[in-house]
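The shown structure was predicted, so the numbers you read here are calculated from the model rather than taken from an experiment.
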2 protein chains.
Amino acid sequence: MGKRDTNRDEKRQLIVTTARKLMQVREVSDFSMRTLAEVAGVSSATPYALFGSKQALIAAVMDTDFADFMTALTAEPNQGFDVFFRLVDVTAELFEKNPGYYSTGAQAIQATTDQTLTSHFSLPRHGLFKDLVSDAIQRGEICHQINPDSLALNLGHQFYGWIQAWAKGNITLPDMVARTKYGLGLGLAAVATEASRAQLLEQVVAIQATLPEAGVLKTKPTPNKKQEAVS
Amino acid sequence: MGKRDTNRDEKRQLIVTTARKLMQVREVSDFSMRTLAEVAGVSSATPYALFGSKQALIAAVMDTDFADFMTALTAEPNQGFDVFFRLVDVTAELFEKNPGYYSTGAQAIQATTDQTLTSHFSLPRHGLFKDLVSDAIQRGEICHQINPDSLALNLGHQFYGWIQAWAKGNITLPDMVARTKYGLGLGLAAVATEASRAQLLEQVVAIQATLPEAGVLKTKPTPNKKQEAVS
DNA sequence: AATAAAACTAAAACGTGTTTTAGTTAGCTA
DNA sequence: TAGCTAACTAAAACACGTTTTAGTTTTATT
């Protein structure tokens, strides 16, 4: 690798690092490409030359932490259905440490129409779910008619959806945990073999008791930004 | 209602109608507030005075069709678990008639951070699901420990998520139907009483057979918009 | 009819993401 | 060392959503 490439990589790193800092200061909107360029001491055209778009840049930022994310997820002992629930807990713990960061990232990922970006994140997550499902099938906890791919996709879909709801501020983090566990619990209970099923349903009903009513959604009044004329 | 209000309502109607026309011409981006104002023969400030934001306007547009949507959904005979599956079919049929329109609308609804707008759409849908679940409980098809509110929210969440995936172009319409039915089928099978459960699982497995592999996601190459210098 | 209030307009402005242009720097190669 | 090329810069520009300003019309009230 020549020095040219090295310099480019260093600049990429610099921009990614700066972007991460900006993403962590809570307010999602406090992060424009112009201020990023200014803070990083770089032309505002450079991030576009190096990453292509704001979303691609954010993806690159999150990518650096993604390894940590995956190891945090897979570090858990892998036995029984509880591993799915622990997955949710671990994710929530991670989010709690850096809410602004993950919220910004999740929203950016979801806002993009670039398929490569989304699959870049969805595929590893899907792989993890698929492995967990396959293991459960082999342990005889899930009936063998089930295609790991299809089930994993459904579980991942639910997970992802509630994460997005949290990122948008529609639900709190504990709520996200409960609703995700509820969804995963249902999906698993449906295909669980008789032995595991009863216990799973018991857990689901227990979670259900902690859920707030759906009607109680946070609602703000219509944003009426017209201020009255000051006489 | 005085003439002032009448005029305002007429102007609202005019803008909504024009907006719907623009939304139907397929390309989501072919719809800027400036062109809308121009086509409607109205100042570009007027839609903001009357609706507040682009998203609110789109919500208003979709609102006019929402009644049709709900009647189309509820027109189906309400018996057995099949009603949930028919719900998905009816939605897909509606989407197929006007893909650009519903796709634009769904994306706009999802992009907004305005809670009132989202709940405006999620609440009636949630109500429908809740009613269906309650009915199923009373018919003894779903065990009575289940809280209709919680289950309905989960089913609606899955439904909504796959609709969004379709609106973003991540999956095809038949795929949306299959994956949604798969998800609903699982959720219902989990809580179905013994009698209904076997049949439901059979249907789920049948749907599963039609699902494409998760790995086969549409992927485009990274958007490399740099064109080469023309010598 | 006179006046106040509201609705609407045209036009400019702001802050975005993004692209383009033209010029400069820095590394590589002959 | 000389020259080529990729990388970078500064600055302007574009289109967008949105807001503001100031002026004009329309309606309701007295």
Taking the side chain of [X] as heavy atoms from C-beta outward, which of [options] is closest to it?
{"X": "Arg8(A)", "options": "dT18(C), dA7(D), dG17(D)", "answer": "dA7(D)"}
{"X": "Tyr48(B)", "options": "dC8(C), dT18(D), dG17(C)", "answer": "dT18(D)"}
{"X": "Lys54(B)", "options": "dT18(D), dC8(C), dT16(C)", "answer": "dT18(D)"}

Dump the pairs, protein N or O against N or O of nucleotides 10-14 of chain D, anything under 3.5 Å, distances to one decimal.
| from | atom 1 | to | atom 2 | distance (Å) |
| --- | --- | --- | --- | --- |
| dA10(D) | N7 | Ser43(A) | OG | 3.2 |
| dA13(D) | N6 | Arg34(A) | NH2 | 3.1 |

Between [X] ([atom1]) and [N] ([atom2]), how many Å, whole number?
{"X": "Gln55(B)", "N": "dC16(D)", "atom1": "CD", "atom2": "P", "answer": "16 Å"}
{"X": "Asp5(A)", "N": "dC8(D)", "atom1": "CG", "atom2": "C1'", "answer": "15 Å"}
{"X": "Phe51(A)", "N": "dC8(D)", "atom1": "CZ", "atom2": "P", "answer": "10 Å"}
{"X": "Glu10(B)", "N": "dA7(C)", "atom1": "CD", "atom2": "P", "answer": "15 Å"}
{"X": "Leu36(A)", "N": "dT18(C)", "atom1": "CG", "atom2": "P", "answer": "12 Å"}
{"X": "Leu50(B)", "N": "dA6(C)", "atom1": "CG", "atom2": "C1'", "answer": "12 Å"}
{"X": "Met33(B)", "N": "dT16(C)", "atom1": "CE", "atom2": "C1'", "answer": "16 Å"}
{"X": "Leu14(B)", "N": "dA7(C)", "atom1": "CG", "atom2": "P", "answer": "17 Å"}

### Query
Rounded to the nearest 0.5 Å, how far does CG of Leu184(B) lie from NZ of Lys181(B)?
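Between Lys181(B) NZ and Leu184(B) CG, I get 9.5 Å after rounding to 0.5 Å.
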### Query
So do the side chains of Ser44(A) and Met33(A) get within less than 4.5 Å of each other, counting heavy atoms only?
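Side chain of Ser44(A) against side chain of Met33(A), heavy atoms only: no contact under 4.5 Å found.
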### Query
Quick one: are Thr180(A) and Gln158(A) in side-chain contact, heavy atoms under 4.5 Å?
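No, too far: nothing below the 4.5 Å cut-off.
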### Task
May I ask you to establish whether Arg125(A) and Phe159(A) are in a cation-pi arrangement, using a distance under 6.0 Å from NZ or CZ to the six-membered ring centre and at most 45° from the ring axis?
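Verdict for Phe159(A): no cation-pi partner in Arg125(A).
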### Task
Validate the cation-pi geometry between Lys97(B) and Tyr102(B): distance from NZ or CZ to the six-membered ring centre under 6.0 Å, angle to the ring axis within 45°.
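No, Lys97(B) does not lie over the aromatic ring of Tyr102(B).
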### Message
Between the side chains of Asp9(A) and Arg12(A), is the shortest nitrogen-to-carboxylate-oxygen separation below 4.0 Å, so that they form an ion pair?
### Response
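No, no charged N to carboxylate O under 4.0 Å.
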### Task
Mind checking salt bridge (charged side-chain N to carboxylate O under 4.0 Å, His left out) for Arg20(B) and listing every partner two or more places apart, or none if nothing turns up?
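Result, salt bridge (charged side-chain N to carboxylate O under 4.0 Å, His left out) vs Arg20(B): Asp65(B).
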### Task
Assign each of Lys11(B) and Asn7(A) to its nearest nucleotide of DNA chain C by heavy atoms, then name whichever residue's nucleotide is nearer the 5' end.
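First, find each residue's nearest nucleotide; the 5'-ward one identifies Lys11(B).
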